[in-house]
Amino acid sequence: MMSNTLKITGQWWFPTSDIIFNGELTFCPTEGGKLTIFGPLESFVLLDESAKTTAENSNDKSKTTQKICESYDRMSLILGKDNDGKKVTAVYTLPPNNRSVIRPNYNYCERDFLIDLVFIGLNFEKIEDIKFEKVLVEYSHLNDWLHDFNLSGRTAMYAEKSEAKYVLEHFYGETKYIDIAEICSIEILSCPNIRINFGEKNQISNRIYVRFSSYHKKTIKDYITLKNIFNDFLNFVISHRVTTMRMIGEVQIRIDDHFIIEQVDVFYHNRISQKLNKVAVVSPYLLIYEDIENNFSDIIVRWYQLRKKMSATYDLYFGVMYNLDLYLSNSFLMLAEALEIYIGIISQENPDPILLSKVKRIDRICEMLEKASPLSEADREWVKVIMNDKKSLSFKEKMEKAYDLYSELLPKLSHVIGTKQEFSSKVTELRNRLTHGNINYDELGTEGMFWGCKDLQLILQLCILSELKFSKDQLKEITT
């Protein structure tokens, strides 16, 4: 389980060496992992000599970065087997820490590796082999939010009268299939979770899983990105912190003339804060599944397209949400930039009348400078460069435009946002003071900056809902 801490004791070795070490791996999804291998110093000397010889004898220069225990700029593998015989693959990127004890008749060495990824169920011989046909993910709180009787299926369990046994019947529900062109396919399905306690009440429930199939390289990085984007959507619509409970990769393996699928449990270091910085909503959910059930597939498609269309705004918005320990000034600047970028994008799609008027005026002035001007040619070119830089909305104008998008809603949703002029002036002044020269943070005041962050978050939330094709009337129903 991604949410649990791993502790694996067993034997460990490297793909290009037959030297085996004893060791222990501990791994926590929120803190990362550490693998400690130990043994006689002579074994580590032989290991390092083997790695050096492998690199020197290779015609592939990239092999020099794959020296055992010495990888600085790429991922490297350590293979293992726990005491029960289960296969393990650990991935590290930084060189290890070494500890040695040398005595006249005794020597001992330990090496600690910081582990980024763990795969349980298979030994991958090369980084390039770590590819998955599909990945199955279980998210926290998804079962509580996504109520779909067609998806859930039906499970019944009853005791046989004639024999001391239970009969279990399960009818699987429909799988919800979503195709996202050029990105991936997503299947949402449920499986029964059954706990039989003889003499006590048995528990039957359904667990909802999301299965991803990438249309690209099918690497672990590819699948973590796909999984995280869906996780972002859930954190956007659900007030609670949504995390990955379990991640299972399906690996295609060739045996003789046919292929089989092996399942691998995946654990990786997740650096998201334990508490999230979200916009507070009255109910546990910003969007109720039953209200969007008929359009759910389209919304998910738009969500993935949104990540591609406005990646900077998207990353800045969730960067603030997932990093509660950011300085308040950092959060404010990230959100202000996210909104500025977004308004710039939609202004290109639907040119602003004020901006069009400004551009025409600038073009007219530049034309007049070209035709008749006492300035030298160099000065004319310098003035034209300055004028052409003005062919966009200023930061304050962008904040005004953002307010105009939801001018009827914002005063009802925020008691501190004020009028359009008050909001745009406040945000612009604060942003300018934070980005121009040395400032005294005590003079800025944390309360104003805090509420500035919340107002920016609120507007960005509304912008994202608009990108998901929610109308102004729907936004009013959702947020009030």
Side-chain angles (χ1 to χ4, degrees), residues 1-15 17 20-39 47 66 68-99 109-127 129-132 135-140 209 212 219-228 231 241-251 262-275 322-323 325:
M1 298 287 284
M2 274 285 296
S3 56
N4 293 340
T5 298
L6 281 176
K7 188 173 183 180
I8 300 174
T9 303
Q11 295 182 317
W12 305 89
W13 64 95
F14 296 85
S17 172
I20 296 177
F21 299 88
N22 292 320
E24 182 177 86
L25 168 68
T26 57
F27 192 89
C28 175
T30 57
E31 299 177 8
K34 184 177 79 169
L35 170 63
T36 301
I37 59 173
F38 49 85
L47 177 70
Q66 300 181 45
I68 297 172
C69 307
E70 297 179 6
S71 175
Y72 288 83
D73 59 355
R74 60 167 291 158
M75 295 189 294
S76 296
L77 302 179
I78 304 178
L79 310 182
K81 182 172 62 175
D82 71 8
N83 292 334
D84 295 324
K86 184 171 287 187
K87 297 177 180 178
V88 183
T89 301
V91 179
Y92 68 98
T93 53
L94 297 175
N97 294 320
N98 301 314
R99 295 188 299 277
C109 185
E110 284 186 359
R111 285 187 177 173
D112 292 335
F113 296 84
L114 296 179
I115 301 301
D116 302 305
L117 287 158
V118 178
F119 303 97
I120 298 179
L122 203 62
N123 289 143
F124 292 101
E125 295 294 330
K126 296 183 294 184
I127 290 291
D129 293 340
I130 306 178
K131 293 187 177 181
F132 301 96
V135 165
L136 190 73
V137 180
E138 180 184 2
Y139 296 99
S140 66
Y209 295 87
F212 300 91
T219 62
I220 184 60
K221 183 178 179 181
D222 196 15
Y223 277 106
I224 288 176
T225 299
L226 294 174
K227 176 201 75 70
N228 285 348
N231 206 148
R241 177 179 180 266
V242 180
T243 60
T244 300
M245 300 295 291
R246 192 175 186 188
M247 187 172 176
I248 303 170
E250 298 179 4
V251 183
E262 290 278 359
Q263 289 194 336
V264 178
D265 279 293
V266 181
F267 297 80
Y268 73 96
H269 187 186
N270 187 351
R271 292 172 172 83
I272 293 176
S273 301
Q274 289 299 299
K275 293 183 179 180
Y322 291 144
N323 291 279
D325 294 331

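The chain is numbered in sequence order, starting from 1.
Side-chain atoms of Trp12 do not come within 3.5 Å of backbone N or O of Leu79 as any donor-acceptor pair. Not one N or O on the side chain of Asp112 forms a donor-acceptor pair closer than 3.5 Å with the backbone of Lys34. Within the 3.5 Å criterion, the main-chain N or O of Asp325 finds no donor-acceptor partner in the side chain of Asn323. Listed for the Asn22 side chain is no donor-acceptor partner under 3.5 Å among the backbone atoms of Ile37.
For the ring-ring contact (aromatic ring centres under 6.0 Å, His included) test, residues two or more places apart in sequence or in another chain that qualify with Tyr322 are Phe318. For Ser140, the side chain to side chain donor-acceptor pair (under 3.5 Å) partners two or more places apart in sequence, or in a different chain, are Thr243. Residues that satisfy the ring-ring contact (aromatic ring centres under 6.0 Å, His included) test with Tyr209, not counting sequence neighbours, are absent from this structure. For Asp82, the salt bridge (Lys or Arg N to Asp or Glu O under 4.0 Å) test picks out no residue, with sequence neighbours left out. Residues passing the ring-ring contact (aromatic ring centres under 6.0 Å, His included) test with Tyr223: none are found, sequence neighbours excluded.
Here NZ of Lys81 is found 14.0 Å from CD1 of Ile8. Values are rounded to the nearest 0.5 Å. Residue Asn123 holds its CG atom at 11.5 Å from CG of Asp129, rounded to the nearest 0.5 Å. From Asn231, atom CG reaches atom CD1 of Ile224 across 12.0 Å, with rounding to the nearest 0.5 Å. Rounded to the nearest 0.5 angstrom, Phe212 CZ and Lys227 NZ are separated by 8.0 Å.
No side-chain heavy atom of Gln263 sits less than 4.5 Å from a side-chain heavy atom of Ile120. Looking at Lys131 and Val251, their side chains never come closer than 4.5 Å, going by heavy atoms from C-beta outward. Using a 4.5 Å cut-off on side-chain heavy atoms (C-beta onward), Met247 and Val135 make contact. The shortest distance between side-chain heavy atoms of Phe119 and Val88 does not fall below 4.5 Å. Inter-residue side-chain proximity for Thr93 and Asp116 is flagged as met; some heavy-atom pair is nearer than 4.5 Å. A heavy-atom distance below 4.5 Å is found between the side chains of Thr244 and Val137. Side-chain atoms of Ile115 and Val91, non-hydrogen and from C-beta on, never get closer than 4.5 Å to each other. Using a 4.5 Å heavy-atom cutoff, the side chains of Tyr92 and Leu114 are not in contact.
The heavy-atom pair separating Glu125 from Pro15 by the smallest distance is O-CB, 3.4 Å.
Each of Leu122, Leu77, Thr219 was scored for a side chain to side chain contact (heavy atoms under 4.5 Å, CB included) with Ile130, with one residue passing: Leu77.
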Show me the side-chain donor-acceptor pairs of residues 24-32 shorter than 3.5 Å, one per line, residues at least two apart or across chains.
{"unit_1": "Glu24", "atom_1": "OE2", "unit_2": "Thr9", "atom_2": "OG1", "d": "3.2"}

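Note: Phe21 and Phe38 fail the aromatic proximity criterion, with ring centroids not under 6.0 Å apart.
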- Test side-chain contact (heavy atoms from CB on, under 4.5 Å) on Arg246 and Phe267 and set out the steps. CA-CA 8 Å; Arg246 192 175 186 188; Phe267 297 80; over 6 Å; no
